[in-house]
Amino acid sequence: MEKQYNPSDVEERLYAHWMKQGYFRAGESSAKPKYSIVIPPPNVTGVLHMGHALNNTIQDILIRHKRMKGFEVMWMPGTDHAGIATQNVVERRLAKEKKNRHILGREAFIKEVWKWKEEYHATITNQLKKLGSSCDWSRERFTMDDGLSLAVRRVFVKLYNDGLIYRGKYIINWCPRCETALSDEEAEHKELNGKLYHLRYPYEDGSGYVVVATTRPETMLGDVAVAVNPTDERYTCIKAKKINLPLTGRVIPFIEDGFVDKEFGTGAVKVTPAHDPNDFGMGQRHNLVPIMVMDGSGKMAGDIPEKYKGMGRFDCRKAIIEDLEAAGLVEKIEEHKHAVGHCYRCDTVVEPYYSDQWFVKMKPLAEPALAAAVNDEIRFYPARYKKTYIDWMENIRDWCISRQIWWGHRIPVWYCSCGQVIADEEAPGKCTHCGSTNLRQDEDVLDTWFSSWLWPFSTMGWPEDNNFIKKFFPTDTLATAPEILFFWVARMIMASCHFTGKLPFTDVILHGTVRDKTGRKMSKSLGNTIDPLEIIRDYGTDALRFSMIMITAQGSDVFLGKDTFDIGRNFANKLWNASRFLLGNINDGAVKGALPPADRLKAEDKWILSKLQRVIKNMDSAVSTFRFNEACHTMYDFAWGEFCDWYIEAKKADFYQEDDPQLKADALSLCGYLLASLLKLLHPIMPFITEEIWSHLRAKMTFDGVIDAESIMLAKYPEPDTSLINEAVENNFDILKSCIIALRTIRSENNIPPDKTGTAVIIPADKAVSDWLASQTAVINTFARLSETTVDVNAKKPGFAGSSVVRGNQIFLSLEGLIDKKVEIDRLTKEAARLKSMAANTKAKLESENFASRAPAEVVEKEREKYQGILVNLEKTEKALKDLQ
RNA sequence: GGGCGCAUGGCUCAGUUGGUUAGAGCGCCGCGUUCACAUCGCGGAGACCGCUGGUUCGAGUCCAGCUGCGCCCACCA
């Protein structure tokens, strides 16, 4: 083994090996219980970022964990065609070549998009593999595969026939740059500093004017009325008047509508049904015909004055205000903060737009999906998202599903010249009503989420019934980002309930967003992204995975800088070197390992075995409750802080001695067992290094029931053996460690060079501790670099020495001429002061009448013991101090 | 406007159901190249757990209010 762990030497080789062996394949005829996950399919718009790395690491941890726990696991990989987003990136690429989709035409353009898809799909799957993702690649799906496309059409037609899909002219969110409709969820509200324009609309009779307030003056060209609240007395006398709509020559009426807020502005509202959702509602209530004054690209158009035609909406805003100002019709312009919708794909300000679109009636679909969350049949991690989900479900609105783009699933609806509308899975040859063959398919495509919401079952072959879907659907856990809770998670639950009658999964992990060190979301446009491949190249995949998971508390955001990954790299290297050391002690071929019988277990063996059982238990609870950071901490602390720092160090004596071969063999067996267990526990998080060390371990040691598989992927995950948990031993070790640390501190504080050995005298507090510590003098000597340690209740304490008190055990380190009296006096003075204040606090607590009478007896007893302990330590510390002085 | 979250040593954060002396990593200071590891070892300094009240024998932990950040949702022009 090399001196340093070099991830790039092993990762590619191991992944290829796993693939070749078919370890990721899910068997539909397996008798094992199943565990399945579908990947949140990455968009084929570009390369994967750190958010994907986090997301897929979480899934891989779960999958590898369950696989080792004996489940038949299935992790479905795949990608999403991401309608608008992908169309946009391809259009941008075309623009660089001075081309656009209209020049190409629909068919040629779609061909271009497929080319893009192939390119990025290859990159994405390669990245997922680099991350170590153990998905079943033989199952990979794309949202526009034939099978998934059929599922989309099946679902559309069924909903249409059930009356849950309808078409109509409504105000929807429209992106003038993408030139398509968006759903409500796709319009992101952002708080902007805008202006509120107060405009004067003159009465037709010349008797004055009414002032209306608007944030979008350009829409005035489409005004059809001015609305006031029926109870607004300011307008009772004038609401019979007509209004000369400025700049247009149109005469419009007043209308009365309860929607109007008397308190806001002047209490009079201009009504533009074609360009505002509220006004659309009022228009409908008052039978007003909407007037469109803008086209799909956000340019002014329609029946409007010639000079505004073709103007961009924001230029027109300026022009209108200038013209109105010139006519003396602008009362005032105020600064105004308001939320404006933006396209979630290109960030353009969306326009409320009156158009023909397809919608899904959501209320009936939402009911069972809502109940599933209320009844905790679906659980969210962190749990607070349950409320978010329920609120959304309870206030669900219809879903606009038609998009005026080309990339995606074309709406399976055909129109006949006779007026017949036909929804069908396949193109009908002729009209079902008049028999005409002159049919025209709807030009629009479906919202990309209309295919994603079927993902958990469409990927498994639905609507076809097969053994695979029988075995692996419903899935178990979904891990994704909270940003798509409504877009995707909620809709999958609805679709699954409606079309399969089952919930698609039971546990939903919503992990945090990946941000840079300053807290900004990582995004390409901000240029603050970290490329996972670059981290993998510089630090290794395991380091990437471990570091990221370790610093991510459940549901909280992740702040990443390049130095974040040191921790994982260092940890990997530590594991590597510990393993290298242990395996380096096997020099005569392969050893047969076996746990020594109980009577040959030494104190440190019992201690580490006890600790290991706790670790296994902690890992179980951490992973099953999705607290992966806790799992990382558990392993880090155990592997580094206990196994390496104490156990291996203690075992070195057994390795280096040559007198007793059994002693060395036992030490090797134990270390082999511990290392194997450690690697197994860690494998789901750090798949590569654990597999690599595992193969080295297998080459040097056999161990029935412990080193139990060709690949660690297939090894049996450790089960806790609670009979090995030994609190007394652990307690003894705590005392031993504290004594050693105390001795090291004295050395360090007095600047005693490592090559100077000294002698220690320990005056133990009682017989039990005395026996224990006396049995560990060799360990103490090694760890504290001493030539001799005396443990004796009746020992004479050295005349001049550094000293410390550990749980009533008095410790002296004597070193000829090396102990600095002043240093020691300072230390002990400080320590005495600390103990004194602690004693005072504890005493006050004990003497408090309330505490003694109301706290549980065991708590009081504990507190009393603590107080006694402090007093003993204090007394001995003060005595040592006095002796020094 | 409604909802949610966060506030703990210089930095980034852990701290499950309230109960020993509040932890870790990084950074900092000191010592060290002792035959696994300087991507390392040993030791150390550093925290009135945002503020104010409350509940409790006991609060970083529960409740209320406040302050400052962040996120989600929202058709008052």
| Over 12 non-hydrogen atoms of neighbours within 6.0 angstrom of NZ in A:K652 | yes
| A:K574 (side chain) and B:C37 (base): donor-acceptor pair under 3.5 Å | yes
| field | Value in whole Å for how far the P atom of B:G19 lies from CZ of A:R854 | value | 20 Å
| Should A:R785 be listed as having a side-chain N or O under 4.0 Å from OP1 or OP2 of B:C42? | no
| Taking the C1' atom of each, how far is B:A14 from B:C6, in whole Å? | 14 Å
| Contact class for A:I741 (heavy atom, under 4.0 Å): base, sugar-phosphate, or nothing? | sugar-phosphate
| task | Go through B:G43, B:C31, B:A36 for me and flag the one nearest to the A:P754 side chain. | result | B:C31
| query | CG of A:N573 versus C1' of B:G41: gap in Å, rounded? | reply | 14 Å
| message | Between A:D232 and A:K262 (salt bridge meaning N to carboxylate O under 4.0 Å), is one present in this structure? | response | no
| field | Among B:G19, B:G41, B:G3, the nucleotide that comes nearest once only the side chain of A:K387 is considered | value | B:G3
| query | Which part of the nucleic acid, if any, lies within reach of A:A213 when heavy atoms closer than 4.0 Å are counted: base, sugar-phosphate only, or nothing? | reply | base
| query | Does B:U16 have OP1 or OP2 sitting under 4.0 Å from an N or O in the side chain of A:S621? | reply | no
| said: Output the rounded distance in Å from NE2 (A:H338) to P (B:A77). | reply: 7 Å
| Hey, which of these two, A:D637 or A:E630, hits RNA chain B nearer its 5' end, going by closest nucleotide? | A:E630
| Rounded to whole angstrom units, what separation is found between the CZ atom of A:R834 and the C1' atom of B:G46? | 15 Å
| request: Whole angstrom is fine here: how far is it from CZ in A:F264 over to P in B:G1? | output: 13 Å
| field | Closest to side chain of A:A855, choosing from B:A36, B:A77, B:C57 | value | B:C57
| said: Please classify the nucleic acid contact of A:S556 as base, sugar-phosphate, or nothing, using heavy-atom distances under 4.0 Å. | reply: sugar-phosphate
| message | Using a heavy-atom cut-off of 4.0 Å across all strands, would you classify A:K3 as base, sugar-phosphate, or nothing? | response | sugar-phosphate
| said: Which label fits A:F655 and A:F581: parallel for a plane angle under 30°, tilted from 30 to 60°, or perpendicular past 60°? | reply: perpendicular
| What is the nucleic acid contact for A:N751, judged by heavy atoms within less than 4.0 Å: base, sugar-phosphate only, or nothing? | sugar-phosphate
| Contact class for A:F259 vs. all strands (heavy atom < 4.0 Å): base, sugar-phosphate, or nothing? | base
| message | Let's go through A:D826 and A:K822 carefully: what are the C-alpha distance in whole Å and the side-chain angles of both, what is the deciding distance for salt bridge (Lys or Arg N to Asp or Glu O under 4.0 Å) to 0.1 Å, and is it a yes or a no? | response | CA-CA 6 Å; A:D826 284 354; A:K822 187 174 175 313; 3.1 Å; yes
| request: Classify the ring geometry between A:F264 and A:H336 as parallel (under 30°), tilted (30 to 60°) or perpendicular (over 60°). | output: perpendicular
| request: Look at A:E218 together with A:R313 and state whether they make a salt bridge at an N to O cut-off of under 4.0 Å. | output: no
| In whole angstroms, how far is the C1' atom of B:G23 from the CZ atom of A:F638? | 19 Å
| Rounded interatomic separation in angstrom, taking CZ from A:F559 and P from B:U12 | 9 Å
| message | Once you apply a heavy-atom cut-off of 4.0 Å, does A:E858 come out as touching a base, just sugar-phosphate, or nothing? | response | nothing
| field | Rounded distance in Å - CD1 (A:I549) to P (B:A24) | value | 23 Å
| query | At under 4.0 Å between heavy atoms, what does A:A852 touch on the DNA or RNA strands: base, sugar-phosphate, or nothing? | reply | nothing
| query | Do the side-chain N or O atoms of A:H189 get closer than 4.0 angstrom to the phosphate oxygens (OP1, OP2) of B:C75? | reply | yes
| Does the ring centre of A:F359 sit less than 6.0 Å away from the ring centre of A:Y170? | yes
| query | Just to confirm, is there a sub-4.0 Å distance from OP1 or OP2 of B:U34 to any side-chain nitrogen or oxygen of A:Y656? | reply | no
| request: Kindly say if A:N570 contacts the phosphate of B:C37, meaning a side-chain N or O under 4.0 Å from OP1 or OP2. | output: no
| query | Can you find a donor-acceptor N/O pair under 3.5 angstrom joining the side chain of A:R627 to the base of B:U16? | reply | yes
| field | Parallel, tilted or perpendicular: rings of A:W640 and A:Y636 (30°, 60°) | value | tilted
| message | Can you say whether a donor on the side chain of A:Q554 sits under 3.5 Å from an acceptor on the base of B:A14, or the other way round? | response | no
| Base, sugar-phosphate alone, or nothing: which one does A:H198 contact when heavy atoms must sit under 4.0 Å apart? | nothing
| query | Looking at B:A36, does its base get a donor-acceptor pair with the side chain of A:K652 below 3.5 Å? | reply | yes
| task | With heavy atoms under 4.0 Å as the rule, sort A:P382 into base, sugar-phosphate or nothing. | result | nothing
| task | On the 0 to 90° scale, with breaks at 30° and 60°, tag the A:H696-A:W576 ring pair as parallel, tilted or perpendicular. | result | perpendicular
| message | Students often get this wrong, so: under 4.0 angstrom with heavy atoms, is A:E749 touching a base, only sugar-phosphate, or nothing? | response | sugar-phosphate
| Between A:T272 and A:D223, is any side-chain donor less than 3.5 angstrom from a side-chain acceptor? | yes
| said: Which is more 5' along RNA chain B, the nucleotide nearest A:E188 or the one nearest A:T214? Just name the residue. | reply: A:E188
| How is A:R569 classified with respect to the nucleic acid when contacts are heavy atoms under 4.0 Å: base, sugar-phosphate, or nothing? | base
| Pair assignment for RNA chain B - dot-bracket with | for other-strand partners, Watson-Crick or G-U under 3.5 Å | (((((((..((((.....[...)))).(((((.......))))).....(((((..]....))))))))))))....
| request: Check whether any side-chain N or O of A:W640 sits under 4.0 Å from OP1 or OP2 of B:G41, and answer yes or no. | output: yes
| task | For A:V271, report the nucleic acid contact type (base, sugar-phosphate, nothing); a contact means any heavy atom under 4.0 Å. | result | nothing
| Minimum-distance nucleotide to A:F486 side chain [options: B:C72, B:C37, B:C40] | B:C72
